[in-house]
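Below is one structure, written out as structure tokens; the observations come after it.
Computation of the quantities below employed the complete heavy-atom set of this structure, encompassing side-chain atoms and omitting hydrogens, waters and symmetry-equivalent molecules. All values reported here derive from a predicted model rather than from experimental measurement. We name chains A, B, ... by the order of the sequence lines, and we start the count at 1 in each one.
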Amino acid sequence: MNRREFLITSSAAAGLLALPRFASAAAGKIDLYSGSDANIIDLWNNIIRPAFQKAHPEVALKVTDAGDNNGLRAIADRALAALKTKTDPQADLFEQFDPRLPAGGIDAGLWVKVSSENIEGYDHINPLALDTPYSLPYRGSQVLLAYDTTKLDAKDAPKSWEQLTTWIKANPGQFIYNRPDKGGSGSNFVRRAIHEVNGRDPKKFKVDNYTADYGTEALTPAWKLLNDLAPSLYDKGAYTSGNTQSIQLLAQGVVTMVPVWSDQVLQAIAQGVLPETTGLVQLGDLALCGGFSSITVFSNGANKDAALKLAAFMLTKEMQEAIITQIGGFPAISWDHISDDLRKKYADVIPSTIPTFPSGDWEKAINDGSYRSVAPGISRT
Amino acid sequence: MSADTTLAAPRRHQSISRGSSIGLLLVALPVFLLAWLIVFPIFSAVFGTIFVRGPDGATAFSLASYRFFFTDGYSLGNLWLTLWTTAVCGTLLLAIGFPIALYLRFSQGRLAAYVQGLAIFPMFVPSIILAYALIRTVGPNGTVDLLLNSVGLPKLRTPYLTPWGPVIGLVWDNLPLTVLMLTAGLSSVSNSAVEAARDVGARPLRVFISIILPRMGNSLLVTASFAVLGIFSAFTLPYVLGPASPEMMGPFMQRTFADMNDPLDAMTQAVITFGFCLVFGIFYIRSIARNREARP
């Protein structure tokens, strides 16, 4: 082979290698994007994808990490633009997304409306999990309080917001939560405080009812409440930079109690990051927020039908039990459809209600408000 | 004789101009990349924050975002913390790096090689790993606490989640570069100058002040500029180890851009950050230029 031939063959080979990238929207290959944490991406790559491809060998599944919700929003914006120009959005479904975004997406027909007509097993879904007909809940998690039972007896664990704040003030330095924009455990603790000062009524907050005035009215008393707690927190008002860092402080025995995601804490206990003596408790007057993660399917995706097959596959007993055993999440289908031994094992954490809090403009107002009004509110020297 | 010189002169001139045109060609690509990827975005950011596109699509001159930054106590607090961290880190880096560099310059042998290896080691540790390692060592109930406790000493207040957390991380992270640059600077101090001073009876301190320091001015300036440029816009260490508020400019800009979805304010913060870094950039370029002029 001379040099010329070598160059021709090697560039052709390089071109062939690059081909699948250009043809990512080829039929039979589902493009899924996720903005979730690494444990969820791992679940999809290591458990769900092999199982799905065994059940449906004719379609392939490609899981792409979009980073965070902002990454997904950019792809959703692109898909909405593609819908208007009738082109391929190069995406078929999102692993977890709020279909109310981008604004006007639902009216334009961006998302597939899911029901028992097009999704097998839809009627098994836990009624608590149903949100809009444009999203298909497939896993749930909730924020709980995790505490060290060697320092706090299970019978003394706080069961209401009032008991919790009394305990925090009586045990200065033993509680910490993370910055609300850096993880859901801290952010839902802040949201619980907002619920507390607004009559414990989650219905008062909707994705589209944020105005600057209503925001000030609803949030200002919550900042006061959190400021009041701050001197009793770890290091007189320090806030960790994420869910993991809070768990780390609990694991090192630095603090006695932190808010945690149910799936993350169960996984941490199972892996030995947290000791067996870790107790979990939920507030009884109004639970800390949580939610179900929902699959959204693009109506203009090239592989819409295959994507719907995948969505239905997530509701099968096999996958729902994998969510419990692999990541310690809640199933989206009712517990009646889960095998008996699993149901008994997790009886303590089966939720009867899961309050939620809308994102959108509220999220911005809460995150920035917390940085400006709560974090610098006290002198820590 | 005169004919020879008139003949030789144009030929030499020609060869210089050909050489310089090849040289210009060689630097054209990097200069073009610099202009495209760095200089243009800077001007576009400055322009974009001064001539703001309104909701109606029209562009109008407005300094509102700068006015907001400089009247907003929270933003100013973040800027102040960044300046404080940079100043403290820069001072600590020179204070720690200079003795190590002096030791490495004037001693030989296996021990010096080990010290050099240790001083360069942090260069190979990614900052996110370093951040978690620091939480486990100087963090609450970390190794330091355990060691103090085992000999019956009281617990220390941990720097984790206070402004001192990022300072410790950043000093560790920037130490290798500081030591390398100071060692390079010290190589311009000749052994014979030091020996001559010693021969006339100068003590080590006198050698340091009269022989070494005057030759180090330039490299101290360069080292300080590099440290400042790196620390001013640091992100990972201030984010993981530092307090929630005030924030350093790096995490603040990222949060404003991504979480607050506010590119205009984020860009304004970036332009202000750039303005501070520019001052140190000018120091660096001036000392490089002075160095080149001084070279024979």
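Ring planes of A:Phe94 and A:Tyr33: perpendicular class, angle over 60° (limits at 30 and 60°).
Heavy atoms closer than 4.5 Å to chain B are found nowhere in A:Glu363, neither backbone nor side chain. Contacts of B:Asp72 with chain A are made by side-chain atoms alone, with heavy-atom separations under 4.5 Å and no backbone atom involved. Residue B:Pro246 does not touch chain A at all, counting heavy-atom pairs closer than 4.5 Å. For A:Ser370, no part lies under 4.5 angstrom from a heavy atom of chain B.
A donor-acceptor contact closer than 3.5 angstrom links the side chains of A:Asn178 and A:Ser185. Checked by atom type, the side-chain pair A:Thr211/A:Asp213 shows no donor-acceptor distance below 3.5 Å.
Remark: side-chain polar atoms of A:Trp223 are not paired, donor with acceptor, to backbone N or O of A:Ser373 under 3.5 angstrom. Side-chain atoms of A:Lys151 come within 3.5 Å of backbone atoms of A:Gly253 as a donor-acceptor pair (strictly under, hydrogens ignored).
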_Pair A:Asp368-A:Arg372, salt bridge (charged side-chain N to carboxylate O under 4.0 Å, His left out): steps then yes or no_ = CA-CA 6 Å; A:Asp368 202 46; A:Arg372 285 172 178 273; 2.9 Å; yes
Can you give each donor-acceptor pair under 3.5 Å made by side-chain atoms of residues 33-44 of chain B, sequence neighbours left out, with the distance rounded to 0.1 Å?
none

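For A:Phe175 and A:Phe189, the distance between ring centers is under 6.0 angstrom.
Residues satisfying the side chain to side chain donor-acceptor pair (under 3.5 Å) criterion with B:Asn174, sequence neighbours excluded, are absent altogether.
Ion pairing between B:Asp262 and A:Lys364 fails under the 4.0 Å rule for side-chain N and carboxylate O.
Ranking A:Val255, A:Asn367, A:Asp181 against chain B, the residue ahead of the rest is A:Asp181, based on heavy-atom pairs under 4.5 Å.
The contact list for residues 130-139 of chain B toward chain A, using heavy atoms and a distance under 4.5 Å, reads B:Tyr132, B:Ile135, B:Arg136 by residue number. Interface with chain A: from residues 247-257 of chain B, residues B:Glu247, B:Gln254, B:Arg255 qualify, criterion being any non-hydrogen pair under 4.5 Å.
The two residues A:Ser246 and A:Thr240 make their nearest non-hydrogen contact at OG-OG1, 2.8 Å.
Enclosure of atom CZ in A:Arg73 is not indicated, since only 12 or fewer non-hydrogen atoms of other residues, nucleotides or ligands lie within 6.0 angstrom.
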